[in-house]
Amino acid sequence: MSDIQSEQSQHPESRITPEPAAVAPVALVEPIAAIRFADFGLSPEILRALTDQGYVHPTPIQAEAIPVVLQGRDVMGAAQTGTGKTAGFSLPIIQLLLAHANSSASPARHPVRALILTPTRELADQVAENVKAYCRHTPLRATVVFGGVDIAPQSAALRSGVEIVIATPGRLLDHVQQKTINLSQTHLLVMDEADRMLDMGFLPDLQRIVNLLPKERQSLMFSATFSPEIKKLAASFLKNPVTIEVARSNATADNVTQTMYKVNDQTKLDAVAYIIRERNLKQVIVFSNTKIGASRLARHLEAEGIKASAIHGDKTQNERMAGLEAFKQGEIEVLVATDVAARGLDIAELPCVINCDLPYNAEDYVHRIGRTGRAGASGDAISLYTDKDERLLVDIEKMIKHKFVRAELTGFVPKLRAPERGSERSQERERAPRGDSSNGRTAERSSQHTRSAYSAGSRKEKIDPWFLKPYEPSVSAVDSAQQGQANATTKQPKAKVAALLGGIPKR
DNA sequence: AAAAAAC
């Protein structure tokens, strides 16, 4: 570590040298030449689909996961962002469905046999595209189901018969209620971004869905981040699981250069514009912690002549999808996003990610910067922080087990502006454009899932040096209240989770 | 603290 420190203090912007890993870093991403997909006994149809896409050798997570899933085992899989987790679970699932003929005498010739859950609609869409490509030469059919779009075509697709459904939780339950989907034959469950799916906000819906599945089933969980607490919760959904870790959980991708710039709250937006100009960035995602902040930053960049667009949960689904697509097509240089875009999204060769705000959850930092440096490519992650963010910064350092160099943004001259009156927030609310969101559902939705009482609480003020303590991450909202206190009791949050699970009303 | 996820 000490050599890393000194190296960085000489070159404040130099890359964060990764900790010596058990395996050479690149080996965690690079396909393994000694193994071929054909070695796993995958059907010729699947192999043909892989050949279509030019895939011959599996990545390490794929090499480890595929045989284990084929054996019928439950899996808890951790691998860094951009290392091929999707294929790691999709390929063996497809193989299992092909190998075990449908034994159901159900009137539907194609009962749903595998369910893949994701935390965002765009990710569901992306995973579905992948799965469909892998199924292309097989008789299996896959469809995607998520909210914010017309339900009728989804119902039609489900009626026509599909073996694999990729879904976000809310709309899936909607289909359950409307009886357009039957999960009684669904013996395969995958939770993508599993730690997020087990977050307090998702857990009730998740529990309802799991209750609809056969007890005899195979369950798989994948993510780049698993806190110890979430691991325990995850285990309660798994039966004698095999843990697959091709790198330490919570590790950032090794090939991403991470930079931390201290900035002033008032000049943040200028700082982002400055960085984009200075580095001549033509393709960058900028993360904001709030929907309002994302919209405001996008407007600011546009005013600066930078082609930008915001995506967040108050945009219509059409706007979200159009924004993402425009960004992928290069029509937009900057995609300003909330954490709706933090996880899973695979944007080819994205060179850079900027955190305009440090994320509240350290885990999200790993996922956000994981949008760059995928599939072995190199990437840049630039984060802005203010003096109020020191605690968040330390949380991130503890989790990824790296200490950042706190750099200054030199040569940066913020624009002068008329001083604002009143709180920034209330002003922004007044200024928030109507059309920015609204299909009219927004207010309704935000009030509908009430904030849980568990999210209340405060962090401790004083912190010990991070390197003296083992990593004790936040479990989303579950124990954020407790984690601040020294020797946080783990009993209490667990009891709360149990109470919540037990207290979920049946629909 | 916030965001996400059904209508």
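Keep in mind it's a predicted model, so treat the numbers as computed, not measured. Just so it is clear: chains get the letters A, B, ... in the order the sequence lines come, proteins before strands, and each one is counted from 1.
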- Any A:Thr168 side-chain nitrogen or oxygen under 4.0 Å from OP1 or OP2 of B:dA6: yes

- Identify which nucleotide among B:dA6, B:dA2, B:dA4 has an atom closest to any side-chain atom of A:Arg121, counting heavy atoms from C-beta outward. B:dA6

- Note on the structure: Sorted by chain and number, sequence neighbours left out, ring pair (Phe, Tyr, Trp, His ring centres under 6.0 Å) with A:Phe222 holds for A:Phe89

- Separation of A:Ile311 atom CD1 from B:dA5 atom C1', in whole Å? 15 Å

- Message: Of the listed nucleotides (B:dA2, B:dA3, B:dA6), which one gets closest to any side-chain atom of A:Tyr360?
- Response: B:dA2

- A:Tyr274: partners by ring pair (Phe, Tyr, Trp, His ring centres under 6.0 Å), with sequence neighbours left out: A:Phe412

- Of the nucleotides B:dA5, B:dA4, B:dA3, which has the atom closest to the A:Thr290 side chain? B:dA3

- Note on the structure: Separation of B:dA3 atom C1' from A:Leu392 atom CG, nearest Å, is 15 Å

- Atom NE2 of A:His312 and atom P of B:dA5: how far apart are they, to the nearest Å? 12 Å

- Between P of B:dA5 and CG of A:Asp125, the distance in whole Å: 12 Å

- Query: Would you call A:Asp346 and A:Lys328 a salt bridge, using N to O less than 4.0 angstrom?
  - Reply: no

- Specify the separation, in whole Å, of atom CD of A:Glu193 and atom P of B:dA4. 15 Å

- A:Arg208 CZ to B:dA5 C1': how many Å, rounded? 12 Å

- Send over the distance from A:Leu172 CG to B:dA6 P, rounded to a whole Å. 9 Å

- Does a donor on one side chain sit under 3.5 Å from an acceptor on the other, for A:Gln126 and A:Glu122? no

- Ranking B:dA5, B:dA6, B:dA2 by distance to the side chain of A:Phe202, first place goes to B:dA5

- Message: Just to be sure I understand the rule, does A:Asn289 reach a base, reach only the sugar-phosphate, or reach nothing, if contact means heavy atoms closer than 4.0 Å?
- Response: sugar-phosphate

- Message: Tell me the interatomic distance from A:Asp339, atom CG, to B:dA1, atom P, rounded to whole angstroms.
- Response: 18 Å

